[in-house]
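Working notes, beginning with the structure itself.
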Amino acid sequence: MHRPLILVTNDDGITAPGIRNLVNFMNEIGEVVVVAPNSPQSGKGHAITINSTLTFEEINLEGPQKDYSLSGTPVDCVKFALDKILTRKPDIVVSGINHGANSSINVIYSGTMSAAVEAGVEGLQAIGFSLLDFSWDADFTQAKNHIQAIVKKVLENPMPKGVVLNVNIPKLANDEIKGIRVCKQADAKWEESFDQRVNPHGKTYFWLSGYFNNMDASPDADEVALSEGYISVVPVKFDLTAYEYMKDLKGILE
């Protein structure tokens, strides 16, 4: 029986508990190859490495999968895996499990989701998983059944080319998760400021801070679903064209 080839990556680094749990979950579904950053790459978005070299190595970690660490970004990992490591295209790419949310506007900053989006650019099925728990010791096993079920459903029901899934999981025990909701990206943003400080040597530096402002109470928003105890699943495309404005813009410019 054909076992699907699953490429696993993340942005928290190859030894992060989130990805090690995800690898264990995927080992029960298919043949797993891991290509992940050798150090944390959170918040890198869709960055790629162009001004320095990349190195990689195969490392020995527990499990039947093959593990490779790369000195690059999550997007680098997907590109490198497809070009240099895998002998055939994977049936699906899964990224995560991220330590912390990637819901609403966070999707554009997320290295986790950018890896999934890059897979979508390559015409591959892809999912990014995130758990709403920043703790290094978070209990990812509570979401195992849901994660495996979503991956299996996507393998059985391929998505349109270019569509990938952004899956966020509330910080709840398995029996407290109410289910899954297909959602839209909530209208929310970070209200940011740069705190100005002075180091012991008298040099001024700045530290990014701020708060998350959710302005969307609509029932199909991902932030609402998560607050109500549901796993949010948002279909995401890399095509950023504002189609609804094209006609008006043509009237202005053409």
Side-chain angles (χ1 to χ4, degrees), residues 5-23 26 32-61 63 65-90 92-102 105-124 126-130 134 136 162 164 166 190 192 194-197 199-201 203-210 236-240:
L5 177 60
I6 304 173
L7 174 62
V8 179
T9 190
N10 76 340
D11 72 355
D12 289 313
I14 195 166
T15 60
I19 193 173
R20 300 327 306 174
N21 276 270
L22 185 57
V23 168
M26 293 304 101
V32 176
V33 177
V34 182
V35 183
N38 63 4
S39 61
Q41 298 285 317
S42 295
K44 289 296 180 72
H46 216 93
I48 57 174
T49 301
I50 57 175
N51 292 320
S52 60
T53 59
L54 293 172
T55 60
F56 87 104
E57 64 175 332
E58 184 172 1
I59 58 177
N60 295 316
L61 295 171
Q65 75 285 338
K66 289 186 176 296
D67 288 281
Y68 300 89
S69 66
L70 183 74
S71 63
T73 68
V75 173
D76 287 331
C77 290
V78 174
K79 289 179 176 289
F80 193 85
L82 297 178
D83 186 56
K84 294 298 182 186
I85 294 177
L86 299 178
T87 57
R88 64 179 176 91
K89 285 192 173 183
I92 193 167
V93 178
V94 291
S95 184
I97 304 166
N98 191 66
H99 292 244
N102 277 318
I105 194 64
N106 295 302
V107 68
I108 69 169
Y109 304 114
S110 166
T112 299
M113 276 307 300
S114 290
V117 169
E118 180 62 26
V121 172
E122 295 296 330
L124 301 172
I127 311 172
F129 289 102
S130 303
F134 287 98
W136 198 252
V164 303
N166 180 19
W190 288 95
E192 295 161 329
F194 289 87
D195 291 342
Q196 182 173 332
R197 307 176 187 181
N199 70 16
H201 301 287
K203 186 175 179 62
T204 298
Y205 68 97
F206 297 86
W207 192 271
L208 180 63
S209 64
V236 175
K237 294 176 65 177
F238 55 82
D239 182 355
L240 302 180

Checklist entry - Does any pair with a residue in residues 36-50 pass salt bridge (Lys or Arg N to Asp or Glu O under 4.0 Å), and if so which ones, sequence neighbours excluded? => result none
Next on the checklist: Show every salt bridge (Lys or Arg N to Asp or Glu O under 4.0 Å) that has at least one partner inside residues 73-87, sequence neighbours left out.
Outcome noted: Lys79-Glu118
Next on the checklist: Using the side-chain hydrogen bond (donor to acceptor under 3.5 Å, both in side chains) criterion, which residues pair with Asn10? Sequence neighbours excluded.
Outcome noted: none
Checklist entry - Using the ring of each side chain (for Trp, its six-membered ring), is Tyr68 parallel, tilted or perpendicular to Phe56, with breaks at 30° and 60°? => result tilted
Would you check if [X] and [Y] make a side-chain contact, meaning some heavy-atom pair closer than 4.5 Å?
{"X": "Arg88", "Y": "Leu5", "result": "yes"}
{"X": "Val34", "Y": "Lys66", "result": "no"}
{"X": "Ser42", "Y": "Asp12", "result": "yes"}
{"X": "Phe129", "Y": "Val94", "result": "yes"}
{"X": "Asp67", "Y": "Glu58", "result": "no"}
{"X": "Thr204", "Y": "Arg197", "result": "no"}
{"X": "Ile85", "Y": "Val33", "result": "yes"}
{"X": "Val107", "Y": "Asn102", "result": "no"}

To the nearest 0.5 Å, how far apart are [atom1] in [X] and [atom2] in [Y]?
{"X": "Phe238", "Y": "Met113", "atom1": "CZ", "atom2": "CE", "result": "12.5 Å"}
{"X": "Thr112", "Y": "Ile19", "atom1": "OG1", "atom2": "CD1", "result": "9.0 Å"}
{"X": "Thr15", "Y": "Ile59", "atom1": "OG1", "atom2": "CD1", "result": "7.5 Å"}
{"X": "Asp11", "Y": "Thr73", "atom1": "CG", "atom2": "OG1", "result": "10.0 Å"}
{"X": "Ile97", "Y": "Ser95", "atom1": "CD1", "atom2": "OG", "result": "10.5 Å"}

Whether over 12 other heavy atoms sit under 6.0 Å from [X] [atom1]:
{"X": "Trp136", "atom1": "CH2", "answer": "yes"}
{"X": "Asn199", "atom1": "CG", "answer": "yes"}
{"X": "Phe194", "atom1": "CZ", "answer": "no"}

Ignoring hydrogens and geometry beyond distance, is a side-chain donor-acceptor pair present between [X] and [Y] at under 3.5 Å?
{"X": "Ser71", "Y": "Thr55", "value": "yes"}
{"X": "Asn98", "Y": "Ser110", "value": "no"}
{"X": "Ser209", "Y": "Asp195", "value": "yes"}

Which atoms form the tightest heavy-atom contact between [X] and [Y], and what is the distance?
{"X": "Ala16", "Y": "His99", "answer": "CB-NE2, 4.0 Å"}
{"X": "Pro74", "Y": "Gly111", "answer": "CB-O, 3.3 Å"}
{"X": "Gly100", "Y": "Ser130", "answer": "O-CB, 3.3 Å"}
{"X": "Leu22", "Y": "Gly96", "answer": "CD2-O, 3.3 Å"}
{"X": "Gly128", "Y": "Ala116", "answer": "N-CB, 4.0 Å"}
{"X": "Cys77", "Y": "Pro37", "answer": "SG-N, 3.5 Å"}

[Y] backbone acceptor or donor facing [X] side chain under 3.5 Å:
{"X": "Thr9", "Y": "Val35", "answer": "yes"}
{"X": "Ser114", "Y": "Gly45", "answer": "yes"}
{"X": "His46", "Y": "Val75", "answer": "no"}

Item to check | Audit row: Leu124, Ile92, side-chain contact (heavy atoms from CB on, under 4.5 Å) steps and yes/no | outcome: CA-CA 6 Å; Leu124 301 172; Ile92 193 167; over 6 Å; no
